[in-house]
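Because only heavy atoms are used, hydrogens play no part in the values below, and waters and symmetry mates are left out as well, while side chains stay in. Please read these numbers as outputs of a predicted model, since none were measured by experiment. Letters A, B, ... mirror the listed sequences (proteins, then strands); counts begin at 1.
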There are 2 protein chains.
Amino acid sequence: MGGVRLKDVAAVAGVSVRTVSNVVNRFPHVAPDTRARVEKALEELNYRPNLAARNLRRGRSGLIGLVVPEIDSPYFSELAAHLVLAAEERSWTVLVDQTGGEPARERAFLEGAAAAFVDGLVFSPWGLGAADLSRSAEDIPLVLLGERTGEGVADHIAIDNVAAAVQATEHLIALGRRRIAAIGVQSHLTNETARLRLDGYRASLRAAGHPRREPFEVEVAALHRGDGAAAMRTLLALPEPPDAVFCFNDQLALGAIRAARDAGLDVPRDLAVVGFDDIEDGRYSCPSLTTISPDKWAIAVRALECLAERLDGDRSNSARDILVPHRLVVRESSGHPSGT
Amino acid sequence: MGGVRLKDVAAVAGVSVRTVSNVVNRFPHVAPDTRARVEKALEELNYRPNLAARNLRRGRSGLIGLVVPEIDSPYFSELAAHLVLAAEERSWTVLVDQTGGEPARERAFLEGAAAAFVDGLVFSPWGLGAADLSRSAEDIPLVLLGERTGEGVADHIAIDNVAAAVQATEHLIALGRRRIAAIGVQSHLTNETARLRLDGYRASLRAAGHPRREPFEVEVAALHRGDGAAAMRTLLALPEPPDAVFCFNDQLALGAIRAARDAGLDVPRDLAVVGFDDIEDGRYSCPSLTTISPDKWAIAVRALECLAERLDGDRSNSARDILVPHRLVVRESSGHPSGT
DNA sequence: CGCGCGCTTTGCAACGTTGCAACACTCTGC
DNA sequence: GCAGAGTGTTGCAACGTTGCAAAGCGCGCG
């Protein structure tokens, strides 16, 4: 059934409802034989607590929300996997929603009914600005992921994007590449990820004395493989195409590599490629992908830590800004070509 | 806040609690000016219904659970994306759990607290057999995904795996390949996916008069790229290695391709590869991957249909067995090599 | 003019659980 | 033998919402 209530168990065990509740909740002061009798009845009737009632009473649901633009993007699905696992240790369950990065849907979720349901929210915004977020942050423990200058509206976890972009670009410079392009500019978004990575890219070129070439900074509509391929084709159509490209995520990079190879180029000989995110595909692609690897496990764990703190302690603490580590993972796409 | 109750809104609007509830629930018989006054108060106080209380009263949570072995496997994350989207149309929210395919954790979830929470469950079992499932199926609307001979314990959605495997193998045979291996056998699992695909593979070979070669049926521990690569290395170490391989999923295939190329082989010239699942990576990999493409959108939609029916109608209907379409998508990994 | 019908609003109770506080009982120490 | 501390168990109320049924109201029709 599923309609077994404490009352039913109590009747079978011959005790009060409250005692059954005590057993279920592991309240220490229960006589061993009473406990045994109740547990037998629980087992017999296959009792399961009604969480709606429990939540109503306790004011907690044990649910946390993960709100991401697209769950089928490898970066987000890997993050989700870590988060679900980490949540399990705190006996929390994860509820997933996708926004497609659309501000309207992001807002709908934050203010919507589902938000009232969860004890906390891990949110990776693309379209929403700090102003929108501040309203919701009052209602519910909120952790922001991704590269948004926090502004103190909520706890915020990210890697140092500028530093990572610098590392990626410097790696290409150190390899002797002179014409380094960037794929992944998204000037239309409020989302600052692309801007920060672009900043790092530009700073590195400037520091190395490379000229800045406008057409080398390629805008993309979205962050999928197809967009990376299209951007690459644009670059290859230039009179003087690049000999290296820094892509703002791995999917763009994989698409770019694909387009380069379709055009007859050898990666990395003719074109060195660096990505960002270290998704699993990049480890087995041909060539394997040099990339910036953010510590996703740390992101998940720290995010839950933040939520837990807000839930337990006072919420008035000023918002935290947490930086998690990242590292450059050098693989074939920027290394020495297998044939050279 | 978040602690705004109907009572508070009622006080501000100067009506009864029940009337506010009527407005919130779009009950038709509310006088226009009353409605306006209540709505103003709702807006002013930023009221949001307490879902725990609502669920307790209504007996529905609006939540459905998706239980998969690993959410970061592309196949499952793509499926999750579709499911979340499809669920939105029914104003359901999706709760995700990972089992790692371990029977204990699968059972824990089915019988655990979280299951009591959701209105229905979409479950992709690896380790659990029909016997285990039947107990839970009574409690809650349940849809099984994947290739399990249903046994009528619950609604079940899958593609015709044997037919698909036959199609994949016949494709390789038609290309003139003579030594066709299979990667992905998992004899230790209750899960029947691998067995069905193996059946199809064997049947095709037999029909074409090919001998069955034991060492060509390679067992894998898991279904990740690394396992595919390892399996491929085993095959390449044989005195007479295969000239084609049918992998039971795309990740295995991508790993296998990687290993083949590391060994100096050209795919598809020296080795034709067919995968299964049609994950996004395979469309942009080098070479792009020939694969069996199940209609994932149909799976998601039909799954929700089943749940909806069970929720509305009587649950005693005998379990349905739904077959969704699939098709063979031919790409480079089995086609004519770009250089040939 | 009065009756009845339909629209609008309301109070009460209940969903299943747990916090609180009180109770009954046993045991220890004087 | 009795106060006091501790152990084990209980009843009551409340969490915020909605179903039910009934009450209040105004209107049209006979």
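Taken to the nearest 0.5 Å, the CZ atom of Arg60(B) stands 15.0 Å off from the CG atom of Leu51(B). Distance check: Asp97(A) CG to Leu66(A) CG gives 9.0 Å after rounding to the nearest 0.5 Å.
Remark: Asp295(B) engages no residue in a salt bridge (charged side-chain N to carboxylate O under 4.0 Å, His left out) (not counting sequence neighbours). When the side chain to side chain contact (heavy atoms under 4.5 Å, CB included) test is applied to Arg57(A), no partner is found at least two apart in sequence or on another chain. Applying the side chain to side chain contact (heavy atoms under 4.5 Å, CB included) criterion to Ser77(A), with sequence neighbours excluded, gives Asp72(B), Ser77(B). Shown here are the side chain to side chain contact (heavy atoms under 4.5 Å, CB included) partners of Ala11(B), two or more places apart in sequence or in another chain: there are none. Ser73(A) is linked by a side chain to side chain contact (heavy atoms under 4.5 Å, CB included) to Glu70(A), Phe76(A), His224(A), Gln251(A), counting only residues two or more places apart in sequence or in another chain.
Residue pairs that meet the salt bridge (charged side-chain N to carboxylate O under 4.0 Å, His left out) test with at least one member in residues 77-90 of chain B, sequence neighbours left out, are Arg105(A)-Glu88(B), Glu78(B)-Lys296(B). Within the structure, every pair that satisfies the ring-ring contact (aromatic ring centres under 6.0 Å, His included) test and touches residues 3-50 of chain A, not counting sequence neighbours, is listed here: Phe27(A)-His29(A). Applying the salt bridge (charged side-chain N to carboxylate O under 4.0 Å, His left out) test to every pair with at least one member in residues 28-38 of chain A, sequence neighbours left out, gives no pairs at all.
Without hydrogens or angle criteria, Asn25(B) side chain to Ser21(B) main chain gives a donor-acceptor distance under 3.5 Å.
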Short N/O separations, protein against nucleotides 25-27 of chain C, under 3.5 angstrom:
none

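Between Ser21(B) and dT17(D), a side-chain N or O to OP1/OP2 separation shorter than 4.0 Å is absent.
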Seminar exercise, completed: With sugar-phosphate taken as primed atoms, P, OP1 and OP2 and all else as base, the protein-contact string of nucleotides 22-28 of chain D at under 4.0 Å (heavy atoms; B, S, -) is -------
Seminar exercise, completed: Contact string for nucleotides 6-16 of chain D, one letter per nucleotide 5' to 3', B = base within protein heavy-atom range under 4.0 Å, S = sugar-phosphate only, - = neither, reads -SSBBB-BBBB
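Checking Asn22(B) against Arg18(B) by side-chain atom types alone, a donor-acceptor pair falls below 3.5 Å. Between the side chains of Asn55(A) and Ser61(A), no donor-acceptor pair of N or O atoms lies under 3.5 Å.
Asp8(A) places its CG atom 13 Å from the C1' atom of dT17(C), with the value rounded to the nearest Å.
The C1' atoms of five pairs define one axis at each end of the helix from dC1(C)-dG30(D) to dC30(C)-dG1(D), and these two axes lie 50° apart (to 10°).
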